[in-house]
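Down below is the structure, laid out as structure tokens.
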Amino acid sequence: MEIITSFAFAFIATMAFAVLFQSPKKILLTDGLIGAVGWVVFISLRDQLGYSSFYANFLGTVALALLSELSARIFKQPATVFVIPGIIPLVPGLGIYKGMFAVISNDYNGGMSILLTAITDSCAIAVGVMLVSSLFRVLKIRKDRSFWLKHHSKKVC
């Protein structure tokens with residue numbers, strides 16, 4: 001039941017940010033679905049399988065980035081209109097808030113520990129998006145290059 005609730009709230013939050021970022025109306029449901037899937041992967045890995053938040057964030061981001069790249073090709077939209085709203089549930093805003101609050105309350109060790117975790121989680125998100133995006137770009141370039149070579153080598157010979 002907790003997974004369903006998490007999915008629903010992540011879906012609504014992602015759609016709200018998609019509206020805020022002025023995503024096209026025809027992709028709002030897809031945006032919500034992508035963000036919710038990324039969040040459920042994160043929650044499942046962290047809470048049920050015991051992964052650290054770094055790995056859970058990374059794998060959740062990889063899942064949503066893959067779905068974003070595939071949706072970009074299906075809907076003929078840039079991948080960023082799917083990725084940006086999709087990562088919103090994964091952003092460690094509460095960790096940054098708690099870390100800064102602890103530092104301001106003179107709990108420097110606890111605050112820095114929380115902030116370091118939030119920073120590494122942010123890095124996991126960035127690396128996950130970058131990895132999938134780079135992979136799709138490499139595959140697209142190779143596909144285009146092989147297409148170019150096939151057509152131009154016939155004309156030369």
Side-chain angles (χ1 to χ4, degrees), residues 2-24 27-75 77-144:
E2 182 180 320
I3 295 288
I4 295 169
T5 306
S6 295
F7 184 90
F9 281 114
F11 182 85
I12 292 167
T14 304
M15 279 188 53
F17 273 94
V19 169
L20 185 67
F21 293 144
Q22 298 178 354
S23 292
I27 64 167
L28 289 178
L29 292 175
T30 306
D31 277 338
L33 183 66
I34 289 170
V37 167
W39 179 251
V40 167
V41 168
F42 167 75
I43 289 294
S44 299
L45 290 173
R46 190 191 65 183
D47 295 345
Q48 294 174 353
L49 298 177
Y51 281 76
S52 70
S53 63
F54 177 84
Y55 292 116
N57 263 310
F58 175 74
L59 294 172
T61 303
V62 166
L64 77 86
L66 282 169
L67 290 173
S68 296
E69 291 287 343
L70 294 173
S71 297
R73 275 118 184 108
I74 292 168
F75 291 100
Q77 296 285 330
T80 55
V81 299
F82 299 100
V83 171
I84 300 298
I87 63 172
I88 293 297
L90 294 175
V91 172
L94 182 61
I96 293 169
Y97 173 80
K98 284 182 176 180
M100 290 305 297
F101 186 79
V103 168
I104 291 170
S105 301
N106 294 327
D107 180 15
Y108 298 114
N109 290 335
M112 287 304 189
S113 174
I114 295 168
L115 284 172
L116 186 60
T117 301
I119 290 169
T120 57
D121 289 347
S122 299
C123 290
I125 293 168
V127 170
V129 170
M130 187 175 61
L131 178 73
V132 173
S133 176
S134 299
L135 180 67
F136 270 78
R137 285 185 186 190
V138 167
L139 293 175
K140 182 180 179 187
I141 290 171
R142 286 190 178 169
K143 179 182 170 188
D144 291 345

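All figures in this text were calculated on a predicted structure; none of them were measured in a lab.
Closest approach of A72 to P78, counting heavy atoms only: CB-C, 4.1 Å. Annotation for L64 and G86: closest pair CD2-O, 3.4 Å, computed over non-hydrogen atoms. Nearest heavy-atom pair, P92 versus A118, reported as atom, atom and distance to 0.1 Å: CG-O, 3.4 Å. Considering all non-hydrogen atoms of both residues, L115 and I96 come closest at CD2-O, 3.8 Å. The two residues V129 and I87 make their nearest non-hydrogen contact at CG2-CG2, 4.2 Å. The two residues T14 and P89 have their closest heavy-atom pair at OG1-CG, 3.4 Å.
Remark: F17 CZ is loosely packed, at most 12 non-hydrogen atoms of other residues, nucleotides or ligands lying under 6.0 Å away. Annotation: F54, atom CZ; neighbour count of heavy atoms from other residues, nucleotides and ligands within 6.0 Å is above 12. Other residues, nucleotides and ligands contribute at most 12 non-hydrogen atoms within 6.0 Å of the CZ atom of F9.
Taking CE of M130 as the start and CD1 of I125 as the end, the distance is 13.5 Å to the nearest 0.5 Å. The CG atom of L116 sits 11.0 Å away from atom CD1 of I114, with the distance rounded to the nearest 0.5 Å. Here the straight-line distance linking atom OG of S52 with atom CG of D121 works out to 8.0 Å at 0.5 Å rounding. With rounding to the nearest 0.5 Å, the separation of OG1 in T80 from CZ in F21 is 11.0 Å. Rounded to the nearest 0.5 Å, atoms CE (M15) and CD1 (I88) are 14.5 Å apart. The line from CG of L131 to CZ of F136 is 10.5 Å long, rounded to the nearest 0.5 Å.
Y55 and N57 share no side-chain donor-acceptor pair at under 3.5 Å.
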For side-chain contact (heavy atoms from CB on, under 4.5 Å), just list the numbers for V127 and F58, CA-CA rounded to whole Å, side-chain angles, deciding distance to a tenth of an Å, and then say yes or no. CA-CA 7 Å; V127 170; F58 175 74; 3.8 Å; yes
Is there a side-chain contact (heavy atoms from CB on, under 4.5 Å) between N109 and S113? Walk through the geometry before answering. CA-CA 6 Å; N109 290 335; S113 174; over 6 Å; no
What pairs of donor and acceptor atoms, side-chain ones from residues 29-46 against any protein atom, are under 3.5 angstrom apart with sequence neighbours left out?
{"unit_1": "D31", "atom_1": "OD2", "unit_2": "S23", "atom_2": "OG", "d": "3.4"}
{"unit_1": "S44", "atom_1": "OG", "unit_2": "V40", "atom_2": "O", "d": "2.8"}

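The closest side-chain heavy-atom distance from L135 to E69 is not below 4.5 Å. Residues I27 and S71 form no side-chain contact, since every pair of their non-hydrogen atoms from C-beta on lies 4.5 Å or further apart.
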